[in-house]
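Every number for a ligand or one of its atoms is a count from 1 in the order of the listing.
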Amino acid sequence: MRIPKSEEEEKKKLTREQYYVLREKGAEPAFTGKLLKNKENGMYVCAGCGNVLFSSHTKFESGTGWPSFYDVANSDAVDLKQDHSHGMVRTEVICRKCGGHLGHVFDDGARASGKRYCINSCALDFKKK
Ligand SMILES: [Zn+2]
């Protein structure tokens, strides 16, 4: 369910970069995210609404420059949607609670799931365990 909020409210709460990624489906530059190298135990939540999205247990080093996970914390945390932008066919990962754009999921993950959730660091907040 979407939480209705005015755009003005959203802009106050989110940084410009977070607004650009979450609400305008932007992408942060590779290798710049604050959570890219984070190896602490905890949960990654949506920066827009606090929805629990990923566990540190499923985070892995993909070499792409964005935080990568091979699974979601629970299957109803996100929605997946086909994305045809930029001349590519990709699967967009969206926060189910607030509708925020998080990143994309690819089928080239190294782990058993075969998935690689490629997520913008600034779309996430980290809650240390
Ligand atoms: Zn959210």
Side-chain angles (χ1 to χ4, degrees):
M1 203 180 78
R2 275 164 189 270
I3 300 168
K5 273 196 195 106
S6 75
E7 279 199 15
E8 276 311 303
E9 258 178 277
E10 286 285 350
K11 274 180 182 159
K12 271 179 224 156
K13 211 178 93 189
L14 300 172
T15 66
R16 222 162 78 176
E17 189 182 36
Q18 286 175 325
Y19 190 91
Y20 170 64
V21 170
L22 285 163
R23 304 295 174 230
E24 298 177 342
K25 302 183 190 296
E28 69 190 8
F31 298 104
T32 63
K34 64 186 192 299
L35 295 169
L36 177 62
K37 302 274 183 211
N38 184 31
K39 289 190 165 49
E40 295 200 87
N41 279 334
M43 300 305 283
Y44 293 85
V45 305
C46 175
C49 71
N51 188 19
V52 175
L53 301 170
F54 300 98
S55 159
S56 58
H57 297 300
T58 63
K59 190 171 189 283
F60 70 101
E61 189 51 66
S62 66
T64 58
W66 291 280
S68 300
F69 304 86
Y70 61 82
D71 205 359
V72 286
N74 71 68
S75 55
D76 53 12
V78 299
D79 279 322
L80 303 178
K81 196 179 131 197
Q82 262 215 358
D83 172 12
H84 293 269
S85 65
H86 305 290
M88 294 178 273
V89 180
R90 296 180 294 177
T91 305
E92 185 187 357
V93 183
I94 302 162
C95 173
R96 184 168 288 181
K97 208 164 158 191
C98 73
H101 171 83
L102 304 169
H104 291 91
V105 59
F106 301 92
D107 288 322
D108 58 7
R111 307 302 174 98
S113 73
K115 301 287 182 198
R116 173 171 58 90
Y117 290 83
C118 186
I119 305 299
N120 289 284
S121 187
C122 72
L124 300 171
D125 273 331
F126 182 66
K127 303 278 181 223
K128 201 174 161 179
K129 210 167 254 178

K.L.:
Roughly how far, to the nearest 0.5 Å, is the OG1 atom of T64 from the CZ atom of F31?
P.N.:
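F31 CZ to T64 OG1: 6.5 Å, rounded to 0.5 Å.
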
K.L.:
Carefully, step by step, assess I119 and Y44 under the rule side-chain contact (heavy atoms from CB on, under 4.5 Å).
P.N.:
CA-CA 11 Å; I119 305 299; Y44 293 85; over 6 Å; no

K.L.:
Can you tell me how the ring of Y70 sits relative to the ring of F60, calling it parallel under 30°, perpendicular over 60° and tilted otherwise?
P.N.:
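Aromatic pair Y70/F60 classed tilted.
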
K.L.:
Can you classify the ring geometry of H104 versus F106 as parallel (below 30°), tilted (30 to 60°) or perpendicular (above 60°)?
P.N.:
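Rings of H104 and F106: tilted, as their planes differ by 30° to 60°.
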
K.L.:
Looking at V78, D76, D71, which hits side chain to side chain contact (heavy atoms under 4.5 Å, CB included) with N74?
P.N.:
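Among V78, D76, D71, the one meeting side chain to side chain contact (heavy atoms under 4.5 Å, CB included) with N74 is D76.
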
K.L.:
Taking L53 as the fixed residue, which of D125, L124, V72, V93 is the one that meets the side chain to side chain contact (heavy atoms under 4.5 Å, CB included) rule?
P.N.:
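Testing L53 for a side chain to side chain contact (heavy atoms under 4.5 Å, CB included) against D125, L124, V72, V93 leaves exactly one candidate, L124.
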
K.L.:
By residue and atom, what protein N/O/S atoms are less than 2.8 Å from the Zn ion (ligand 1)?
P.N.:
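Hits for the Zn ion (ligand 1) below 2.8 Å: C46 SG, C49 SG, C95 SG, C98 SG.
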
